[in-house]
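A short worksheet on the structure shown next.
Predicted model, so just to flag it, every value in this text is computed and none were measured. Order of the sequence lines sets the chain letters (A, B, ...), proteins ahead of strands, with each chain counted from 1.
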Amino acid sequence: MTSIGTGYDLSASTYSPDGRIFQIEYAGKAVENSGTVIGLKVKDGIVLAVENLIHSKLLVPEANRRIQTVDRHIGLATAGFLADGRQIANRARDECASQRDLFSRGPELKTIVNRLGLYVQAYTLYSSVRPFGISTILGTVDKNGPSLHVIEPSGVSFGYHGAAIGKGRQLAKTELEKLKLSELSMSEAVLEAARIIYLVHEDAKEKDFELEVSWIGPESNFTHVHVPNELYKEACTKAKAALETFD
Amino acid sequence: MDHFPSNWGRPRNDAIDQYATYPIHSRPKDSFAEGVQRTQQPIVTGTSVLAFKFKDGIMMAADTLASYGSLARFKDVQRLHAVGNHTVVGAGGDMSDFQYIQNLLEQLIVDEISAQDHHTLSPAEIHEYLSQVMYARRSKIDPLWNSLLVGGFKDGEKYQPSNPRRPLPLTVYLRFLAYVDLLGTTYSASTLATGYGAHIAQPLLRKAVESREEILTEEQALKIMEACMKVLFYRDARSLNKYQVATITKDGVKISDSKTLDTSWSFAENIRGYGAQTQ
């Protein structure tokens, strides 16, 4: 980095003279080093996909998954520190449980995202804690249709049609922009998501990775689940084939 | 370090939560703040639930009435509740307590889904959970005023003890049917009935079902159920001629729309000795 904090980066509770909080920016760096995560909001559903970098060949397949289920109809994927992702998912589950307890119905994602945003933001205020080293993509399908949100380490959150976080986000975003998201079917979206993840992985080819894809929509009975095996395999094969023709 | 941001900058009550280990929604409250309140009697109640085993699974039925004392107050209440894809819970007794139980079970299933471990709760596990909840509540002298039937059908594994050369487990489908009530009492049988039905319908069910569990088809089972519900409607003053039937088979849970019983009351005019007749 060009301007390293020089004394103003030791605590999240101190501004630098030009009004920045370096600890939050460093948390952003932790996200940028992580494998890419994308989320697609399509015609009648949500697809989440993760480039899960495998740091050791000794790991059991499907260990350390980065897409988590928060409620029946809410999925969450994180880029950054895996353990921080677990913490945010547990917090999200608690928030959902509390909403269910109060209102006896499935929680709205907007409420959950707002509350998680407040939670993440609270970790940017005190010298005794560090901000979350993750960006989080949350997706749901409810009576208002599909919706997709991203929460950043600063605590801000936005709604998106297509979202990308992590190392390959720039390329992933350009690829997402080329798609007509609102016209894609769920299974088409899975194929596209897989293609994009394989594509952005090209730059870090020396590292192994595991593709992780989940969806919410009519095909999954409006619950958040990982995509069925046949579709997953088809997506991987087609993604690899598309790479050959891309260059 | 206190990891709950809502506590930051706020004085901590060391008497209750010394290490601030509780998340916001479950932070302990002063139990005497609103006075101690306990259920002393059921208010809005449902009557009998019937259930038995048949060839392909479990059948359960309950009428759709929720009474307020002797008043037939709510006539379209569903007393059969599906839990996950393999289990149905049917409830008699206090309907608000039953709704509370439904919420508990819903959260239980959501937690199970969130774990993403490819495990789903079996009927036996759900029954065990309910029995623990019911017993814990009665031990607080604040019972959930219900009698519940838990019926289900799920694939499981069975080892073949008779053939040690083939230790591979066989996948078998297991029918499950058991009872639990406000005291935490549990038992299991191939026919079960709660409430008034335990007196009136249980003998009929035993006669019709026992020793024929592996033979009865769904149609035959439905006939038996209808006959019992009819007798109950004639005899039980807190019952209704509208009822629902749940069938749990290897294809999952199916809860019917409400059916109406066809009953005849022409015998009533020949009854003497009650009411306003003069002779």
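In the displayed structure, B/Asp257 atom CG is contacted under 6.0 Å by at most 12 heavy atoms of other residues, nucleotides or ligands. Counting non-hydrogen atoms of other residues, nucleotides and ligands closer than 6.0 Å to CZ of A/Phe81 gives a total of 12 or fewer. When the shell of 6.0 Å around CZ of A/Arg86 is examined, it contains more than 12 heavy atoms from other residues, nucleotides or ligands. Around the NZ atom of A/Lys110, the shell of radius 6.0 Å holds no more than 12 heavy atoms that belong to other residues, nucleotides or ligands.
Distance CD1/B/Ile113 to CD1/A/Ile74: 12.0 Å, rounded to 0.5 Å. The CG atom of B/Asp111 sits 9.0 Å away from the CG atom of A/Asp71 when rounded to the nearest 0.5 Å.
Residues of residues 123-136 of chain B lying under 4.5 angstrom from chain A, judged on non-hydrogen atoms, do not exist here.
Only the backbone of A/Ile67 has a heavy atom closer than 4.5 Å to any heavy atom of chain B. Contact annotation for B/Ile109: only side-chain heavy atoms (C-beta onward) come within less than 4.5 Å of a heavy atom of chain A.
The shortest side-chain heavy-atom distance between B/Gln116 and A/Gln68 falls under the 4.5 Å cut-off.
Residues passing the side chain to side chain donor-acceptor pair (under 3.5 Å) test with A/Ser34 are A/Arg66, sequence neighbours excluded.
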Step by step, would you call A/Arg93 with B/Val110 a side chain to side chain contact (heavy atoms under 4.5 Å, CB included)?
-> CA-CA 9 Å; A/Arg93 286 177 190 132; B/Val110 169; over 6 Å; no
Does the pair A/Arg105 and B/Glu106 meet the rule for a salt bridge (Lys or Arg N to Asp or Glu O under 4.0 Å), with working shown?
-> CA-CA 10 Å; A/Arg105 58 175 54 112; B/Glu106 177 66 17; over 6 Å; no
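In terms of heavy-atom proximity, A/Ser104 sits nearest to B/Asn103 at OG-ND2, 3.4 Å.
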